[in-house]
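Here the structure is laid out as structure tokens; the discussion comes afterwards.
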Amino acid sequence: MLELDAVSVTYANGVQALRDVSLTVPHGVFGLLGPNGAGKSTLMRTLATLQAPDRGRIRFDGLDVLAQPERVRALLGYLPQDFGLYPALTAEETLDHFAVLKGLLDPPERAERVATLLKRVNLTHVANRRVDGFSGGMRQRLGIAIALVASPRLLIVDEPTAGLDPAERYRLLDLLAGVADDVVVLLSTHLVDDVEALCTRVALLVHGRIVREDTPAALVASLRGQLWQACVPRAEAEMWRAHPRVISRRLAAGGVLVRAVQPDAPHPSFASIAPTLEDVYFDELARQGVRGEE
């Protein structure tokens, strides 16, 4: 179990990236959902022991993460949002290199581990191909293999599906779902679909603060009976921008879909609809002064 208590980070320029973040993350996939600039990557780097918070406590399975970073790193797998690979190496050589760095020094044991992981991330057929020819999804799957090379008990993945096509995105999510059987997986993303597909619990991070935390089902239930939608002509869509309870506007065939959260319909043209986790997300962004429009 991963436990955070009042973790705060302020950068030298005065930006407070994290504000008293407290969370309990059990085994399985836990989603950290928030817009760009919310502080997700700062939190991931802090948990990965790459930077220290100004204050707060972090514990993982009884270890003090801030006081014992070396012991925590031995239990940690980390896939940052951006990571580099040696372009001239093959997938097998890359994974072997990182296995050595993680302390797997016995050649037969290391070779078996590399082969097992390449199979697990479905890269066996390109094991001898240079990584500079890999697609974005193949690079991400290799990144997951690198993060898993030392059999971590805590896996941190930051925006793993950003920029992937739908097929590659599905493969990566399926891989993470399988990994979660054995470890704590913390998934940071701004893509609601990823959280719905994988996570048993989710926290919403906005302006460096945790503003909601629960199961996806409980969060969705909190909006039941309060969500309204109308399809309005594009010429009329602008008038709804300033409405205080409109949470999203998006293009649809023949007009613009406008969604609002309030006890009663904001206009006779609005009909009651069932909420989704995305609606919860946009509603919370609106409450925090961030417009959730597409």
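Numbers for residues simply follow the sequence, beginning at 1.
The number of heavy atoms from other shown groups lying within 6.0 Å of CD (Glu112) does not exceed 12. Within 6.0 Å of CZ in Phe83 there are more than 12 heavy atoms belonging to other residues, nucleotides or ligands. A 6.0 Å sphere centred on OH of Tyr11 holds more than 12 heavy atoms belonging to other residues, nucleotides or ligands.
Judged purely by atom type and a 3.5 angstrom limit, Arg249 has no side-chain atom pairing as donor or acceptor with the backbone of Val256. A donor-acceptor pair is defined here as one N or O able to donate and one able to accept, closer than 3.5 Å; such a pair exists between the side chain of Gln140 and the backbone of Pro160. When atom types are taken as modelled, the side chain of Trp228 and the backbone of Pro266 share no donor-acceptor pair closer than 3.5 angstrom. For the pair Gln51 (side chain) and Leu47 (backbone), a donor-acceptor distance under 3.5 Å is absent. A donor-acceptor pair under 3.5 Å links the side-chain atoms of Thr124 to the main chain of Lys119, judged by distance alone. With Gln288 contributing its side chain and Val290 its backbone, the two residues share no donor-acceptor pair below 3.5 Å. Judged purely by atom type and a 3.5 angstrom limit, Ser135 uses its side chain to pair as donor or acceptor with the backbone of Met138. No donor-acceptor pair closer than 3.5 Å links the side chain of Asp5 to the backbone N or O of Gly56.
When all heavy atoms are compared, the tightest approach of Arg141 to Leu123 is NH1-CD2, 3.7 Å. Nearest approach of Val29 to Leu198, heavy atoms of both residues: CB-O, 3.7 Å. Closest approach of Val280 and Leu219 over heavy atoms only: CG2-O, 3.2 Å. The two residues Thr200 and Pro216 have their closest heavy-atom pair at O-CD, 3.3 Å. In terms of heavy-atom proximity, Ala203 sits nearest to Glu213 at CB-CG, 3.8 Å. Among all heavy-atom pairs drawn from Pro152 and Gly77, the shortest one is CB-N, 3.4 Å.
The shortest side-chain heavy-atom distance between Ile210 and Arg19 does not fall under the 4.5 Å cut-off. Considering only heavy atoms from C-beta on, Leu117 stays 4.5 Å or farther from Ile146 through its side chain. Side-chain contact between Val258 and Phe270 is present, with at least one heavy-atom pair separated by less than 4.5 Å. Residues Arg153 and Val184 are not in side-chain contact: their nearest non-hydrogen atoms beyond the backbone lie 4.5 Å or more apart. At a threshold of 4.5 Å between non-hydrogen side-chain atoms, the residues Pro53 and Thr46 count as touching. Side-chain contact between Met44 and Leu186 is present, with at least one heavy-atom pair separated by less than 4.5 Å. Between Leu205 and Leu32, some side-chain heavy-atom pair lies under the 4.5 Å cut-off.
Taking a cutoff of 4.0 Å between a charged side-chain nitrogen and a carboxylate oxygen, Glu284 and Arg212 qualify as a salt bridge. Under a 4.0 Å N-O distance rule, the pair Lys40/Asp158 does not qualify as a salt bridge. Electrostatic pairing of Arg250 and Glu278 counts as a salt bridge here, judged by a charged N lying under 4.0 Å from a carboxylate O. With salt bridges taken as basic N to acidic carboxylate O contacts below 4.0 Å, one links Asp283 and Arg245. Under 4.0 Å is where a charged nitrogen must lie from a carboxylate oxygen, and between Asp20 and Arg55 at least one such pair does. Between Arg169 and Asp165 no salt bridge is recorded (no basic side-chain N to carboxylate O distance below 4.0 Å).
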Exercise for review: For the pair Leu142 and Phe134, evaluate side chain to side chain contact (heavy atoms under 4.5 Å, CB included) and give the outcome as yes or no after the intermediate values.
Suggested key: CA-CA 10 Å; Leu142 181 58; Phe134 276 19; 4.2 Å; yes
Exercise for review: Walk me through it: do Asp64 and Arg57 pass the test salt bridge (charged side-chain N to carboxylate O under 4.0 Å, His left out)?
Suggested key: CA-CA 8 Å; Asp64 186 322; Arg57 296 184 304 169; over 6 Å; no
Review point. Between Ser248 and Arg259, does a side-chain hydrogen bond (donor to acceptor under 3.5 Å, both in side chains) hold up when you go through it step by step?
Key: CA-CA 5 Å; Ser248 66; Arg259 290 191 174 188; 5.2 Å; no
Exercise for review: Give the C-alpha distance, both sets of side-chain angles, the deciding distance and a yes or no for side chain to side chain contact (heavy atoms under 4.5 Å, CB included) between Arg130 and Leu89.
Suggested key: CA-CA 5 Å; Arg130 285 171 45 136; Leu89 295 185; over 6 Å; no
**Study point:** Stepwise side chain to side chain contact (heavy atoms under 4.5 Å, CB included) test for Val9 and Gln16
**Key:** CA-CA 6 Å; Val9 172; Gln16 192 170 8; over 6 Å; no
Check your understanding: Stepwise, does the side chain to side chain contact (heavy atoms under 4.5 Å, CB included) test hold for Val65 with Arg59?
Key -> CA-CA 5 Å; Val65 173; Arg59 299 187 67 82; 5.6 Å; no
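Using the six-membered ring where Trp is involved, Trp240 and His243 have ring planes that are tilted, between 30° and 60° apart.
Judged purely by distance below 3.5 Å, without hydrogens or angles, the side chains of Glu159 and His190 pair a donor atom with an acceptor atom. Of the N and O atoms on the side chains of Ser8 and Asp54, not one donor lies less than 3.5 Å from an acceptor on the other residue. Side-chain contact check for Tyr281 and Thr276: no donor-acceptor pair (N or O, by modelled atom type) lies under 3.5 Å.
A continuous path of Ile, Leu, Val, Met, Phe, Trp and Tyr side chains, each step under 4.5 Å between heavy atoms, connects Val192 with Leu223, placing both in one hydrophobic cluster. Taking hydrophobic clusters as Ile, Leu, Val, Met, Phe, Trp and Tyr residues chained together by side-chain heavy-atom distances below 4.5 Å, Phe98 does not share a cluster with Ile156. If you chain together hydrophobic residues whose side chains sit under 4.5 Å apart, Val100 and Leu148 never meet in one group.
Taking OG1 of Thr161 as the reference point, atom CG of Leu187 lies at 7.5 Å (rounded to 0.5 Å).
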